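Worksheet for the structure shown next.
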Amino acid sequence: MNATTVPGGPEEKQHAPVLNIANALTVLRLLLVPVFVWLMLQPGSLMRLAAVVVFGGAALTDRLDGQLARSRNLVTDFGKITDPIADKALTLSAFLLLSINGLLWWWVTIIIIVRELGITVLRFFMLRRAVMAASRGGKLKTALQMAGLVGLLTPWGLILPAGLAQVLVWGAYLIIAAALIVTVVTGLDYVREALRLARGNGR
């Protein structure tokens with residue numbers, strides 16, 4: 001029941017400690033969110049560039065903590081729950097700031113917020129039955145969101161010629177469009193999976 005299964009390997013009768021490097025990186029990502037928000041609220045392109053660096057560093061911890069958790073058998077229920085919360089705190093704050101600054105349509109941000117918060121509530125509700133870890137589609141959604149956000153957050157005009165800067169901004173909008181589609185589709189998948197688990201546990 002409590003054995004941890006390594007993909008492609010035998011079951012090992014051991015528990016990963018909650019206090020581990022993967023979970024520490026997840027918590028660090030949460031702590032970087034207010035730093036990112038504060039920097040974005042400061043005037044000047046240099047402060048915005050600093051905010052992008054913090055955002056990018058936090059985004060990298062998302063990839064790194066997942067790799068460490070899987071490669072070192074450090075997957076925990078705490079990580080499964082906290083990791084997506086840290087992702088949402090980072091990405092949703094960025095979406096809100098972009099819309100507040102007039103750089104992204106509010107309807108895009110609202111759809112993403114409703115989906116993200118709705119699935120978070122659903123996951124907590126389903127804890128009585130099972131821990132719903134992030135799916136591959138969910139991970140793709142997060143990667144697309146973060147890539148698009150970096151593209152829109154970065155003050156390209158500060159470091160690149162105007163023409164190239166505009167191309168990168170439009171590319172970022174295309175990535176956001178793809179992220180929006182994946183966000184909605186994976187949200188429906190999570191709802192379907194929750195219904196399947198509820199029916200299975202209700203037998």
Side-chain angles (χ1 to χ4, degrees), residues 22 24-68 82-120 134-188:
L25 287 172
T26 300
V27 173
L28 173 62
R29 185 158 69 259
L30 272 172
L31 295 176
L32 287 175
V33 172
V35 178
F36 160 69
V37 172
W38 182 83
L39 288 170
M40 277 293 294
L41 293 175
Q42 304 309 304
S45 296
L46 286 176
M47 295 300 284
R48 184 170 160 187
L49 188 59
V52 173
V53 171
V54 172
F55 183 91
L60 287 176
T61 66
D62 177 46
R63 183 174 181 82
L64 185 57
D65 64 8
Q67 290 178 338
L68 288 172
T82 310
D83 183 73
I85 291 175
D87 291 340
K88 288 172 176 56
L90 182 64
T91 56
L92 294 187
S93 62
F95 277 114
L96 283 169
L97 288 166
L98 285 172
S99 291
I100 289 171
N101 290 327
L103 298 173
L104 185 64
W105 304 281
W106 271 107
W107 65 267
V108 173
T109 296
I110 290 170
I111 289 175
I112 289 175
I113 288 176
V114 170
R115 183 275 189 198
E116 299 287 32
L117 296 184
I119 296 303
T120 299
S135 65
R136 289 184 179 180
K139 292 180 185 300
L140 173 62
K141 175 265 303 179
T142 300
L144 286 171
Q145 285 184 1
M146 289 188 172
L149 287 169
V150 168
L152 293 183
L153 289 168
T154 303
W156 296 112
L158 187 66
I159 53 180
L160 295 173
L164 181 56
Q166 191 60 40
V167 170
L168 290 175
V169 169
W170 280 110
Y173 279 119
L174 290 176
I175 296 174
I176 289 293
L180 180 63
I181 294 170
V182 176
T183 297
V184 173
V185 171
T186 55
L188 295 174

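Below, all heavy atoms of this structure are taken into account, side chains as well, without hydrogens, waters or symmetry copies. Worth saying up front: this structure is predicted, and the values here are computed from it rather than measured.
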Side chain to side chain contact (heavy atoms under 4.5 Å, CB included) between Ile176 and Phe95, worked out = CA-CA 10 Å; Ile176 289 293; Phe95 277 114; 3.9 Å; yes
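- To the nearest 0.5 Å, atom CG of residue Leu97 and atom CG of residue Leu41 are 5.5 Å apart.
- The only option from Val169, Leu98, Leu153 that meets the side-chain contact (heavy atoms from CB on, under 4.5 Å) definition with Leu103 turns out to be Leu98.
- Considering every non-hydrogen atom in both Ser45 and Pro155, the closest pair reads O-CG, 3.8 Å.
- The CD1 atom of Ile112 sits 9.0 Å away from atom NZ of Lys141, with the distance rounded to the nearest 0.5 Å.
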request  = Apply the test side chain to side chain contact (heavy atoms under 4.5 Å, CB included) to residues Thr91 and Met146: give CA-CA distance (whole Å), side-chain angles for both, the deciding distance (0.1 Å), then the verdict.
outcome  = CA-CA 7 Å; Thr91 56; Met146 289 188 172; 3.9 Å; yes
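- The shortest heavy-atom contact between Thr26 and Ala86 is O-CB, 3.9 Å.
- Once rounded to the nearest 0.5 Å, the distance linking CD1 of Ile113 with CG of Leu92 reads 5.5 Å.
- Of all heavy-atom pairs spanning Ala172 and Gly148, the tightest one is CB-O, 3.8 Å.
- A search for ring pair (Phe, Tyr, Trp, His ring centres under 6.0 Å) contacts involving Phe55 returns Phe36, not counting sequence neighbours.
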request  = Before giving the answer on side chain to side chain contact (heavy atoms under 4.5 Å, CB included), spell out for Trp170 and Leu174 the whole-Å C-alpha distance, their side-chain angles and the decisive distance to 0.1 Å.
outcome  = CA-CA 6 Å; Trp170 280 110; Leu174 290 176; 5.9 Å; no
request  = Begin with the C-alpha distance, continue with both residues' side-chain angles, and end with the deciding distance and a verdict on side chain to side chain contact (heavy atoms under 4.5 Å, CB included) for Leu90 and Leu149.
outcome  = CA-CA 10 Å; Leu90 182 64; Leu149 287 169; over 6 Å; no
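- Tested against Leu152 for a side-chain contact (heavy atoms from CB on, under 4.5 Å), the candidates Asn101, Leu104, Ile175 yield a single pass: Leu104.
- When all heavy atoms of Met40 and Ala51 are compared, the closest pair comes out as CG-CB, 3.6 Å.
- Among pairs with a residue in residues 143-166, those fulfilling side chain to side chain donor-acceptor pair (under 3.5 Å) read Glu116-Gln145, Gln145-Thr183, at least two apart in sequence or across chains.
- To the nearest 0.5 angstrom, Arg29 atom CZ is 9.5 Å from Thr82 atom OG1.
- Inter-residue side-chain proximity for Leu180 and Trp107 is flagged as met; some heavy-atom pair is nearer than 4.5 Å.
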